[in-house]
Amino acid sequence: MEQPHTREIFINRELSWLEFNRRVLDLAKDKTVPVGEQLKFAAIYASNLDEFFMVRVGSLYDRTLVGGDEKENKTGMTPAQQLDAIMPKVAELQQHCDKIVAKLYENVGVLGYRRVDFAHLSKEAEHFWRKYFMQEIFPVLSPQIIDRRHPFPFLRNNEVYVGTILKGKGDAQSSFGLVPISTQFQRIIFVPSGGSVAFALVEEMVEHFAGLIFGKNTVQSRCIFRVTRNADITVDEGMFDHDVDYREIMSDLLKKRRKLAAVRLQTTPRAPAEIVGFLREKLMLPAKQVFEQTTPLDMSIGFKISARIAQDGHTELFYPVKRPMLPPPDFNLARVVETQDVLLSYPYQSIRPFIRMLNEAAQDPDVLSIKMTLYRVAHESKIIEALISAAENGKEVVAIVELRARFDEQNNIDFSKQLEEAGCTVIYGFEAYKIHSKLTLITKKKGNQLHYIAQIGTGNYNEKTSEQYTDLSFITTDLGIGSELATVFNNLAIERLTEHAGNLLVAPLCFKSVLMQEMDAEIEAKRMGKDARIILKCNSISDKDIIEKISEASCAGVSVQMIVRGICCIKAGVPGLTENVTVRSIVGRYLEHERVYAFGCGQDTRVYIASGDFLTRNTERRVEVGVRIQDRRIAGELLQMLDLQLRDNVNAREMQPDGTYPKVKPAPDAPRVDSQLGMYDMLAGTWPAMPAPRPAGEPVRRAPTARRHAAALQQPQRRPAAPRPQTLLGRLRNLLGR
């Protein structure tokens with residue numbers, strides 16, 4: 001039972017996320033970050049905040065509508081209390097953002113990129129922009145008037161609008177004029193002028209020339225605004241009782257998403273109270289969810305300004321170009337992995353050897369099947385092309401496609417159709433669990449024997465993000481791992497959870513419990529007077545059980561070093577509770593995305609990589625897969641990587657007991673340690689050598705690996721309670737114990 005004082009170590013998930021986004025925003029003012037990159041970080045901050053409102057705030061809003069008294073299990077806050085805590089934090093962050101972006105515009109102005117201020121145009125500039133507006137913008141606008149005869153229209157999610165109050169001569173009452181800023185034309189216009197470049201925002205131009213749009217009506221007041229809507233859709237239980245294709249269900253839900261309730265209203269400064277009041281009434285929004293800002297309401301223009309600066313050749317205003325390292329020309333991943341395990345580290349090493357291996361498997365007469373889990377893939381995916389090629393060559397191709405990958409649903413629907421048309425078997429996975437695993441299994445038959453190439457990763461099969469996210473891809477021909485992975489795929493195909501832990505960690509039944517046993521082993525080692533250490537590298541942590549186990553380890557004297565990029569619901573350094581816990585967040589040019597968990601000291605350290613974080617959704621409501629790295633060389637490489645990140649004094653911030661994250665400052669004489677750039681040096685020249693050709697019939701000899709961990713860690717784990725089934729069949733399975 002939870003002790004009352006343990007509440008002191010918990011941080012609310014949503015407030016922790018806002019603190020993470022503050023760290024992203026701070027990079028937009030960091031003097032060590034080039035100006036072109038600062039613009040991108042400001043845009044990333046705003047995009048993150050958009051998604052936060054669409055998903056997290058949307059979910060909390062929904063819960064307030066259905067009873068709303070259920071409390072969060074760590075801080076004891078109801079959904080309404082969480083919303084009350086979120087809004088002032090967002091308002092404070094927005095003020096911080098306004099100051100940072102204003103300074104950014106000053107800095108790019110000095111460099112010759114000047115934002116057009118439509119409130120202070122010279123006569124010559126007024127004439128130029130008026131002419132431009134009438135010729136280029138006015139013909140494609142679709143203005144509307146809302147009055148007693150014209151109902152209030154649906155306002156699209158995250159689109160920008162110009163709103164006006166209109167009153168013509170002799171009109172007894174005013175009306176509301178609305179101009180959507182269509183996504184059909186560019187929102188930002190660049191005009192070279194005397195050696196510099198002026199850039200204008202279309203919505204500001206439309207607001208300025210609103211009087212030309214509405215003709216005889218007089219514009220009494222005006223402002224620019226933007227609405228964010230809830231996008232937290234879930235598969236409706238009743239839909240599963242109908243004999244319809246799952247893709248059709250998801251397509252219907254995507255249409256539904258566009259019309260969900262408003263959760264935020266953004267306006268330009270000093271927006272007329274009459275307009276704001278009218279919008280609040282129509283959108284049913286409380287005042288606390290209305291935010292004024294001086295920054296553009298859609299901050300994606302930061303990417304466009306940055307791209308223009310790059311196009312003009314100002315390479316000094318960006319990070320030095322770094323490309324993923326390619327292997328030697330003769331490198332063949334499929335041949336190398338026959339003799340030794342391989343670990344690819346993105347974005348430092350290229351994903352191309354893996355794609356080449358898939359393409360070769362598609363042509364290899366010995367290959368019987370290729371099975372993959374697909375969560376997010378690139379829009380023009382070489383991975384999908386390889387699977388289609390394999391199916392067309394007569395291989396059995398099984399693709400487990402997660403249609404519920406948020407904001408990638410339509411992309412996955414489209415690719416699932418392409419895969420089916422090519423002859424692949426497409427499976428959509430569980431009703432109750434998202435399949436978030438990153439798994440590939442290539443099965444070969446040589447003579448009378450089956451051989452496997454198994455791949456287990458921390459990130460998606462996405463060529464684009466493999467150059468932006470730090471991820472790990474472990475490839476092995478170990479027969480034990482291949483056999484277990486074959487079982488996992490078969491279980492996924494028939495909606496059965498994997499119940500036993502062997503070489504693999506498989507959530508929800510044998511992922512968290514095994515890792516907590518590893519923590520228990522370190523606690524016991526410390527109590528016996530031995531050295532004990534835990535290192536946890538992940539994106540986020542909110543699971544209450546794991547947090548309490550970390551606190552227990554700290555109280556036993558175990559050193560717990562955590563590298564958590566985003567949400568972190570445990571406070572570090574709380575006396576008597578987490579005083580042996582350190583938490584650092586690394587936010588830099590790449591998105592830290594890999595999950596690495598290490599237990600022990602020296603040669604006895606047990607190292608795992610996994611697709612899952614320590615969020616409750618990952619540990620209990622998703623199918624995640626991890627693997628213990630038995631190869632001492634690869635385990636050592638991963639420990640080197642963790643050590644490098646624990647020494648980072650360029651990108652790292654370290655949590656204080658009050659939950660704040662000051663930047664890590666190097667000692668006066670200490671060298672700068674940038675763990676992200678340091679990875680290039682660490683991995684340079686480490687591609688495994690190609691094995692020598694072997695005589696026909698000679699068996700493959702694999703490099704030795706470490707022994708399996710203690711038998712106690714291999715025992716079957718007790719199955720947690722599953723979410724309530726969503727169909728009659730699911731209820732029968734539950735009654736029969738599946």
Side-chain angles (χ1 to χ4, degrees), residues 245-251 254 324 326 332-334 344 346-347 349-364 367-430 434-444 452-469 471-475 485-486 488-489 492-493 593 611 623 625:
D245 188 281
Y246 189 23
R247 280 191 302 239
E248 293 180 23
I249 294 173
M250 292 307 302
S251 295
L254 292 180
L326 291 168
N332 184 291
L333 180 56
L344 299 181
Y346 309 139
Q349 294 172 307
S350 175
I351 196 175
R352 290 185 194 176
F354 175 74
I355 296 174
R356 178 184 172 187
M357 183 177 74
L358 284 180
N359 283 316
E360 289 174 351
Q363 307 292 329
D364 187 344
V367 169
L368 301 178
S369 68
I370 303 174
K371 299 181 180 182
M372 291 188 78
T373 57
L374 300 175
Y375 194 77
R376 301 186 196 277
V377 294
H379 287 287
E380 296 179 2
S381 174
K382 300 294 183 185
I383 304 286
I384 298 294
E385 289 178 11
L387 295 179
I388 289 173
S389 173
E392 290 173 345
N393 287 330
K395 313 299 181 190
E396 179 190 7
V397 177
V398 178
I400 299 179
V401 182
E402 182 51 79
L403 296 187
R404 294 166 295 181
R406 187 174 281 121
F407 304 126
D408 273 77
E409 297 97 341
Q410 190 60 56
N411 196 43
N412 289 359
I413 288 170
D414 295 341
F415 276 132
S416 71
K417 292 177 181 178
Q418 291 180 34
L419 290 166
E420 278 190 351
E421 289 168 2
C424 303
T425 299
V426 177
I427 299 170
Y428 302 128
F430 284 55
K434 274 189 182 181
I435 298 176
H436 189 248
S437 316
K438 324 299 181 187
L439 307 173
T440 300
L441 183 66
I442 299 170
T443 303
K444 297 183 177 184
Y452 298 110
I453 298 178
Q455 182 272 341
I456 301 157
T458 67
N460 295 301
Y461 299 111
N462 187 316
E463 303 93 296
K464 183 176 180 181
T465 58
S466 75
E467 297 187 359
Q468 301 165 338
Y469 294 9
D471 269 309
L472 300 166
S473 178
F474 175 71
I475 306 104
L485 203 52
V488 170
F489 271 106
L492 292 176
H593 194 253
S611 63
V623 178
V625 176

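Taking CD1 of Ile413 as the reference point, atom CD of Gln418 lies at 13.0 Å (rounded to 0.5 Å). Of the inter-residue distances, the one linking Ile383 atom CD1 with Ile388 atom CD1 reads 12.0 Å to the nearest 0.5 angstrom. Atom CZ of Phe415 is separated from atom CD1 of Ile384 by 5.5 Å, given to the nearest 0.5 angstrom. Rounding to the nearest 0.5 Å places CZ of Arg376 at 9.5 Å from OG1 of Thr465. The line from CD1 of Ile355 to NZ of Lys382 is 8.0 Å long, rounded to the nearest 0.5 Å. For the atom pair NZ of Lys464 and CD of Glu380, the computed distance is 10.0 Å after rounding to the nearest 0.5 Å.
Annotation: side chain of Asn332 is in contact with side chain of Arg356 (closest heavy-atom distance under 4.5 Å). Residues Ile453 and Leu441 form no side-chain contact, since every pair of their non-hydrogen atoms from C-beta on lies 4.5 Å or further apart. Looking only at side-chain heavy atoms (C-beta outward), Ile442 and Leu358 come within less than 4.5 Å of each other. Taking 4.5 Å as the limit, some side-chain heavy atom of Tyr428 sits within range of a side-chain heavy atom of Ser416. For the pair Gln468/Pro347, no side-chain contact is recorded, criterion being any heavy-atom separation below 4.5 Å from C-beta on. By the 4.5 Å heavy-atom criterion applied to side chains, Glu396 and Leu368 are not counted as neighbours.
Taking each heavy atom of Glu360 and Ala334 in turn, the nearest pair found is OE1-CB, 4.2 Å. The two residues Ala386 and Ala362 come nearest to each other via the heavy atoms O-CB, 3.9 Å. A pairwise comparison of heavy atoms in Thr458 and Lys438 identifies C-CG, 4.0 Å as the closest pair. Taking both residues in full, the closest heavy atoms of Tyr346 and Gln349 are given as CD2-O, 3.2 Å, listed atom of the first, atom of the second, then distance. The shortest non-hydrogen separation linking Lys371 to Phe489 is O-CZ, 3.6 Å. The minimum heavy-atom distance between Glu402 and Lys434, with the atom names listed, is OE1-CA, 3.3 Å.
Each of Leu419, Asn462, Thr440, Ile435 was compared with Leu374 under the side chain to side chain contact (heavy atoms under 4.5 Å, CB included) criterion, and only Leu419 meets it.
When the side-chain contact (heavy atoms from CB on, under 4.5 Å) test is applied to Ser350, the partners found at least two apart in sequence or on another chain are Pro324, Leu326, Arg352, Pro353. Take Asn359 and apply the side-chain hydrogen bond (donor to acceptor under 3.5 Å, both in side chains) test, not counting sequence neighbours, and it matches no residue.
Without hydrogens or angle criteria, Ser473 side chain to Gly457 main chain gives no donor-acceptor distance under 3.5 Å. With hydrogens and angles disregarded, a donor-acceptor distance shorter than 3.5 Å links the side chain of Lys395 to the backbone of Val367. Listed for the Asn393 side chain is a donor-acceptor partner under 3.5 Å among the backbone atoms of Ser389. The closest donor-acceptor contact from the side chain of Thr373 to the backbone of Ser437 lies under 3.5 Å.
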**Asked** side chain to side chain contact (heavy atoms under 4.5 Å, CB included) between Val623 and Leu492: does it pass, once the steps are laid out?
**Response** CA-CA 9 Å; Val623 178; Leu492 292 176; 3.8 Å; yes
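Ring-plane geometry between Phe354 and Tyr461 is classed as parallel, the angle between the planes falling under 30 degrees on a 0 to 90 degree scale with a further cut at 60.
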